[in-house]
Amino acid sequence: NVNPGVVVTIVATARVNSTLTFTTSATDTAWLTYTDALNNSIVKNAGALYTVQYQTLPGTGQLPLNWRETGIRPAVMIPGALLMVIGAILLLLVAFWSKARSQPNKLWITVGGAILFLVGFVVAITFSGVFTQSKLVQVYNHTPTTDGILAQGQAIEPSATILPHQPASAFSTPDSIVPIVPIVTLPNYPVPTPVISITPQPGEAGPDTSDVTRIVIPILNLDTEVKYVPYDGLTWLIAGLRQEVAWMGNTSWPGLGSNTALAGHVTVAGMGDGPFRHLDELPRGELVLIYTEQNVYTYQVRESKVTDDGDMSVTLSTDNPQISLITCVDWDQDSHTYLNRLVVIGDLVRTEPLTMGSVP
């Protein structure tokens, strides 16, 4: 009993389930069938095109964790193999044509062939990776550097920690597992101005909204620069991120008392170990220091967990001030990517002003 001229609106609600693995577009179409005054059957339809966006945590791993254990690499053995072939040819010439050559010529050809063969063999073996071994480390029993801080009143057990860790720049990555891609630099993205819900009273100091500049994890011997990276609605623009740690846009400033998320590479193409290579060894109770331009924020590790790359909940706001340190885990040899993310969460336990002449 709808009268002519009446507008009919049909609302279709689309619910996205957890199996979505890529951004896609779809169309919802509504069909209206009715009979007009002349008893004619009329069919009308209208469609709405929409896009479902798949959001992901940043990809913070470019090489397998065992990138030093490369095995035999035939490509880099070619120069040495060529020298061996030339040397072998010269030795064969001496063997077949020994009667037709004078004694001095045979001696020089034999010596030259033997030298070329040996040099080629050494070059091929040296660059093949046959003798490449993983760096041996020593395990020390270490008491967490809690400095008297206890997590929720509970005692922290001593942890076995692998020390020391060399910076990523101390290693060179084998060419055979590094894609030939141009090395880009992380841009200096502008940091937005945060929205502050509480206005300080006259004479009161406002919250610290200065940039995050540095992260220090004493137990891992990590001390590196932090740079802001924006969120584009799908993921974070970390292209060019290398030895730095990314302060993830759309997450909190440390001074605003919510969740500050930081992402760092576990491995870096062309460099080797990334700044978060040993983040999985950071036990509960250890300290993480975050520096802004004004303050030093000390966090104590509460928990670590592994989640999938679409779990955006680890970047959401929290009621209590905390940090979320994110890197890649679970290398997949077939796809040459890391399938999951390791997230280390720490709670704020101390804030100290950054003063001139303070000990780093």
Side-chain angles (χ1 to χ4, degrees), residues 144-153 156 167 186 188-231 236 238 241 243-264 275-276 279 282-304 314-327 343-360:
T145 54
T146 56
D147 196 20
I149 301 169
L150 297 180
Q152 299 179 353
I156 305 298
L186 185 70
N188 292 316
Y189 290 110
V191 181
T193 302
V195 177
I196 302 176
S197 57
I198 300 177
T199 303
Q201 297 297 321
E204 291 182 350
D208 177 13
T209 58
S210 61
D211 297 353
V212 181
T213 60
R214 178 182 172 196
I215 180 173
V216 176
I217 306 179
I219 193 63
L220 299 185
N221 287 344
L222 173 65
D223 185 349
T224 193
E225 179 185 11
V226 174
K227 296 185 69 173
Y228 175 83
V229 293
Y231 178 67
W236 284 264
I238 66 167
L241 185 70
Q243 78 278 0
E244 314 95 341
V245 169
W247 171 25
M248 299 167 66
N250 263 27
T251 68
S252 180
W253 279 249
L256 297 184
S258 187
N259 183 21
T260 302
L262 304 171
F276 280 178
L279 192 64
L282 187 59
R284 177 174 172 268
E286 290 296 344
L287 301 184
V288 178
L289 281 66
I290 302 297
Y291 287 71
T292 68
E293 295 173 347
Q294 297 181 9
N295 294 309
V296 182
Y297 297 84
T298 302
Y299 299 84
Q300 189 173 37
V301 174
R302 181 198 341 141
E303 65 172 312
S304 299
V314 298
T315 66
L316 298 180
S317 300
T318 56
D319 295 332
N320 299 318
Q322 70 173 49
I323 54 168
S324 298
L325 308 180
I326 303 171
T327 195
V343 183
V344 175
I345 300 172
D347 297 311
L348 180 66
V349 293
R350 185 167 56 232
T351 302
E352 299 171 297
L354 187 63
T355 58
M356 295 296 294
S358 61
V359 178

Under 3.5 Å, is there a donor-acceptor pair between the side chain of [X] and the main chain of [Y]?
X: S252; Y: P254; result: no
X: T260; Y: I323; result: no
X: S210; Y: E293; result: yes
X: T224; Y: Q243; result: yes
X: K227; Y: L186; result: yes

Side chains of [X] and [Y], donor plus acceptor under 3.5 Å:
X: Q322; Y: R302; answer: yes
X: D208; Y: T292; answer: yes
X: N259; Y: T251; answer: no

Can you tell me how far [atom2] of [Y] sits from [atom1] of [X], rounded to the nearest 0.5 angstrom?
X: Y297; Y: E352; atom1: OH; atom2: CD; result: 11.5 Å
X: S258; Y: L316; atom1: OG; atom2: CG; result: 9.0 Å
X: L262; Y: M248; atom1: CG; atom2: CE; result: 8.5 Å
X: I290; Y: L325; atom1: CD1; atom2: CG; result: 6.5 Å
X: Q300; Y: I345; atom1: CD; atom2: CD1; result: 14.0 Å
X: T327; Y: L279; atom1: OG1; atom2: CG; result: 6.5 Å

Do [X] and [Y] touch side chain to side chain, with heavy atoms closer than 4.5 Å?
X: D223; Y: R214; result: yes
X: V229; Y: W247; result: no
X: V288; Y: V301; result: yes

- Message: Before you tell me yes or no, could you show the steps for L354 and N295 under side-chain contact (heavy atoms from CB on, under 4.5 Å), namely the whole-Å CA-CA distance, both residues' side-chain angles and the distance that decides it to 0.1 Å?
- Response: CA-CA 5 Å; L354 187 63; N295 294 309; 5.6 Å; no
- Item | Passing option when Y291 is tested against T213, D211, I215 for side chain to side chain contact (heavy atoms under 4.5 Å, CB included) | T213
- Message: Please evaluate residues V314 and I326 with respect to the criterion side-chain contact (heavy atoms from CB on, under 4.5 Å), reporting the C-alpha separation (whole Å), side-chain torsions for both, the decisive distance (0.1 Å), and the verdict.
- Response: CA-CA 9 Å; V314 298; I326 303 171; 4.0 Å; yes
Please report the shortest heavy-atom distance between [X] and [Y], naming the atom on each side.
X: S324; Y: V343; result: CB-CG1, 4.2 Å
X: L256; Y: P194; result: CD1-CB, 3.8 Å
X: V191; Y: Y228; result: CG2-CB, 3.7 Å

- Classify the angle between the aromatic ring planes of W236 and Y231 as parallel (below 30°), tilted (30 to 60°) or perpendicular (above 60°). tilted
- Can you check side-chain contact (heavy atoms from CB on, under 4.5 Å) on F276 and V245, steps first, answer last? CA-CA 8 Å; F276 280 178; V245 169; 3.9 Å; yes
- Task: Evaluate side-chain contact (heavy atoms from CB on, under 4.5 Å) for I217 paired with L282, printing each intermediate quantity in order.
- Result: CA-CA 9 Å; I217 306 179; L282 187 59; 3.7 Å; yes
